[in-house]
Amino acid sequence: MNVTAAVVRGKSMPFAVEELELDDPRPDEVRVRMVATGVCHTDAIVRDQVYPTPLPAVLGHEGAGVVEAVGSAVTSLVPGDHVVLSAASCGVCAQCLSGNPTYCENAYDQCFGGRRSDGTTSLSSNGEAVSSHFFGQSSFATYANVVERSVVKVPHDVPLEKLGPLGCGLQTGAGAVLNELRPEAGTSLVVFGAGAVGSAAIMAAKVAGCTTVVAVDLHDSRLDLARRIGATHTINSGSADVVSELKKITGGKGVDFVVDTTAVPALLTQALDALAIRGTIVLVGAAASGTTVPFEIGDSLLKGWTFKTVIEGSSVPQVFIPRLVELWQQGRFPFDALVKTYELGAINEAFADSASGVAIKPVVVF
């Protein structure tokens, strides 16, 4: 069948909206008609080949839509199901079998390889192969053949046009707090970077009962929104001494938990300086290969601190995403406040607005 898709054909090139051919779903795949898809920083760095995927490619990994057909081996879904799409995993490695699919040992091939395991791609253009199955989905298209393990069933009464961002960015920020850090009520947490991932972490910190929640960012507009969704304090890192402000906010003891979404070495160093004894830093931001962070060993040793890297919020998407949907229905996870919508033809504008800070969470609505 023919589909309309946003294709990136060369490193750092703009997306081009084209008509492509989509083949039939394989036994372990479902065909999904896309209703909406989030635009994520990971899409941008793959477009720029910081993380390489074979080009030309259809990216997109925060899809939401309706199942139109299922492969012969699919047992968990039927046509008509409303679904959110998340990261792919192999299902057979030690991490998958241990309930840690976001740390799948074959994650790179599953999410960035651009091909099925047999080397085929579901998308083509006049006989030319176009990389598909980005994070198991390639959701910058009107239809996609999606591996079953990437699909999360959601209730029919929840508007699909709102749900796309849950598949990666919001799951990452919220899961970093609720699944990995698990802060006790009454503790302090600071988020570096109040974009979509950081905003999700702020909302999750409020859900968890943190009584001091600090947002750090360069954009005052993002800091204003952070206060509306759960931050108790904000710091503009371009005009304030972040470490001294955090010490002041916490009465000199430092913060219990840090979520860093920026992967900026200088900010990670500041986070360590502001950390309380036995505190924990979680890094969810992506950086170019070779990026390093120096820290002083002596004082660090006395703090007994912990540094963790977290992928996709350490989530089992089929379990965690429905929980986020329920929190949203209760008004406790108001992620729709972050969203600005675009048509597929305006996808390059969506990426530009995300990079400039005009939009916190761009979502393409089909």
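Residues take their numbers from the sequence shown, with the count starting at 1. Only heavy atoms go into these numbers, but all of them, side chains included; no hydrogens, no water, no symmetry mates.
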Does Leu170 reach the side chain of Val197, with side-chain heavy atoms less than 4.5 Å apart?
no
Answer yes or no: is there an ion pair linking Arg33 with Glu68, defined by an N-O contact shorter than 4.0 Å?
yes
Greater than 12 external heavy atoms within 6.0 Å of Leu218's CG:
yes
Nearest-0.5 Å distance, CD1 of residue Ile347 to CD of residue Glu349
11.5 Å
I'd like to know if Ile229 and Ile360 are part of one continuous hydrophobic network [Ile/Leu/Val/Met/Phe/Trp/Tyr, side-chain heavy atoms within less than 4.5 Å].
yes
Any side-chain heavy-atom pair of Val66 and Leu160 under 4.5 Å
yes
Could you check whether Thr262 and Asp260, counting side-chain N and O atoms only, form a donor-acceptor pair closer than 3.5 Å?
yes
Shortest non-hydrogen contact between Lys303 and Leu275, atoms and distance:
NZ-O, 2.8 Å
Transitive ILVMFWY side-chain link Phe192 to Phe307, under 4.5 Å
yes
Working to the nearest 0.5 angstrom, can you tell me the gap between Leu22 CG and Asn2 CG?
9.5 Å
Any donor-acceptor pair under 3.5 Å linking the side-chain atoms of Glu62 with those of Ser139?
no
Ignoring hydrogens and angles, state whether a donor on the side chain of Glu245 or His233 is under 3.5 Å from an acceptor on the partner side chain.
no
Are more than 12 heavy atoms from other residues, nucleotides or ligands located less than 6.0 Å from atom CD of Glu343?
no
Which heavy atom of Leu123 sits nearest to which heavy atom of Ser131, and what is that distance?
CD1-O, 4.2 Å
Does Thr234 form a side-chain contact (heavy atoms from CB on, under 4.5 Å) with Val214? I'd like the steps, not just the answer.
CA-CA 5 Å; Thr234 58; Val214 188; over 6 Å; no
Using a 4.5 Å cut-off on heavy atoms from C-beta on, say whether the side chain of Val74 contacts that of Pro27.
no
Kindly give the heavy-atom pair with the smallest separation between Val152 and Pro322, and that separation in Å.
CG1-CD, 3.9 Å
State plainly whether one hydrophobic cluster holds both Val151 and Val35, where clusters connect Ile, Leu, Val, Met, Phe, Trp and Tyr through side-chain heavy atoms under 4.5 angstrom apart.
no
Would you say the side-chain atoms of Asn179 pair up with the backbone N or O of Gly313, donor to acceptor, closer than 3.5 Å?
yes
From Thr341 OG1 over to Asp336 CG, what is the distance, rounded to the nearest 0.5 angstrom?
12.0 Å
Side chains of Ser132 and Thr121: is there a donor and an acceptor less than 3.5 Å apart?
yes
I'd like to know if the side chain of Thr120 pairs up with that of Arg115 as donor and acceptor (distance under 3.5 Å, no hydrogens or angles considered).
no
How close do Asn145 and Arg116 get, counting heavy atoms only, and between which atoms?
ND2-NH2, 4.0 Å
Could you check if a side-chain atom of Arg149 sits within less than 4.5 angstrom of a side-chain atom of Pro101, using non-hydrogen atoms only?
yes
What distance do Asp157 atom CG and His82 atom NE2 have between them, rounded to the nearest 0.5 Å?
10.0 Å
Please tell me if the side chains of Ile281 and Leu268 come closer than 4.5 Å, counting only heavy atoms from C-beta onward.
yes
Side-chain contact test, heavy atoms from C-beta onward, threshold under 4.5 Å: evaluate it for Phe134 versus Asp43 and give yes or no.
yes
Would Asp23 and Ser122 count as having a side-chain donor-acceptor pair, cut-off 3.5 Å?
no
Group every Ile, Leu, Val, Met, Phe, Trp and Tyr by side-chain heavy-atom contacts under 4.5 Å, then state whether Val158 and Val154 land in the same group.
yes
Contact between Phe366 and Thr37 at the side-chain level, heavy atoms closer than 4.5 Å - yes or no?
yes
Charged N-O contact under 4.0 Å between Asp48 and Lys11
no
Hey, are Ser76 and Glu148 close enough side-chain-wise for a donor-acceptor pair under 3.5 Å?
yes
Check Val363 against Ala36 and note the closest heavy-atom contact, atom names and distance.
CG1-CB, 3.9 Å
Counting heavy atoms not belonging to Gln329, are there more than 12 under 6.0 Å from its CD?
yes
Could you verify whether a donor N or O on one side chain and an acceptor N or O on the other, from Asp217 and Asn236, lie under 3.5 Å apart?
no
For Phe140, which residues count as a ring-ring contact (aromatic ring centres under 6.0 Å, His included) partner, sequence neighbours excluded?
Phe15
Are Tyr51 and Tyr108 close enough that their ring centers fall under 6.0 Å?
no
If you look at every heavy atom in Cys96 and Ser89, which pair is closest and at what distance?
SG-CB, 3.7 Å
Report the C-alpha separation of Gln110 and His133 in whole Å, then their side-chain angles, then the decisive distance to 0.1 Å, and conclude whether the side-chain hydrogen bond (donor to acceptor under 3.5 Å, both in side chains) test is met.
CA-CA 8 Å; Gln110 293 283 324; His133 290 76; over 6 Å; no
For a 4.5 angstrom cut-off between non-hydrogen side-chain atoms, does Met203 reach Val177?
no
Quick one: does Thr4's side chain have a donor or acceptor within less than 3.5 Å of a partner on Glu19's backbone?
no
Following the transitive rule for hydrophobic clusters with a side-chain heavy-atom cut-off under 4.5 Å over Ile, Leu, Val, Met, Phe, Trp and Tyr, establish whether Val83 and Phe135 coincide in one cluster.
yes
Any carboxylate oxygen within less than 4.0 angstrom of a Lys/Arg side-chain nitrogen, looking at Glu326 and Arg332?
no
Supply the atom-to-atom distance Ile311 CD1 to Glu180 CD, rounded to the nearest 0.5 angstrom.
10.5 Å
Surrounding NZ of Lys248 (heavy atoms of other residues, nucleotides or ligands, distance under 6.0 Å), is the total greater than 12?
no
Using only heavy-atom distances, determine whether the side chains of Tyr103 and Ser314 contain a donor-acceptor pair under 3.5 Å.
yes
With no hydrogens and no angle check, do the side chains of Gln95 and Glu105 hold a donor and an acceptor under 3.5 Å apart?
no
From the list Val190, Thr187, Leu246, Ile249, side chain to side chain contact (heavy atoms under 4.5 Å, CB included) partner of Thr212 resolves to Ile249
Checking Glu21 against Ser125: is there a side-chain donor and acceptor pair closer than 3.5 Å?
no
Hey, what do you get for CG (Leu338) to NZ (Lys361), rounding to the nearest 0.5 Å?
9.0 Å
Derivation of the salt bridge (charged side-chain N to carboxylate O under 4.0 Å, His left out) call for Arg26 and Asp118
CA-CA 11 Å; Arg26 296 296 173 86; Asp118 64 1; 2.8 Å; yes
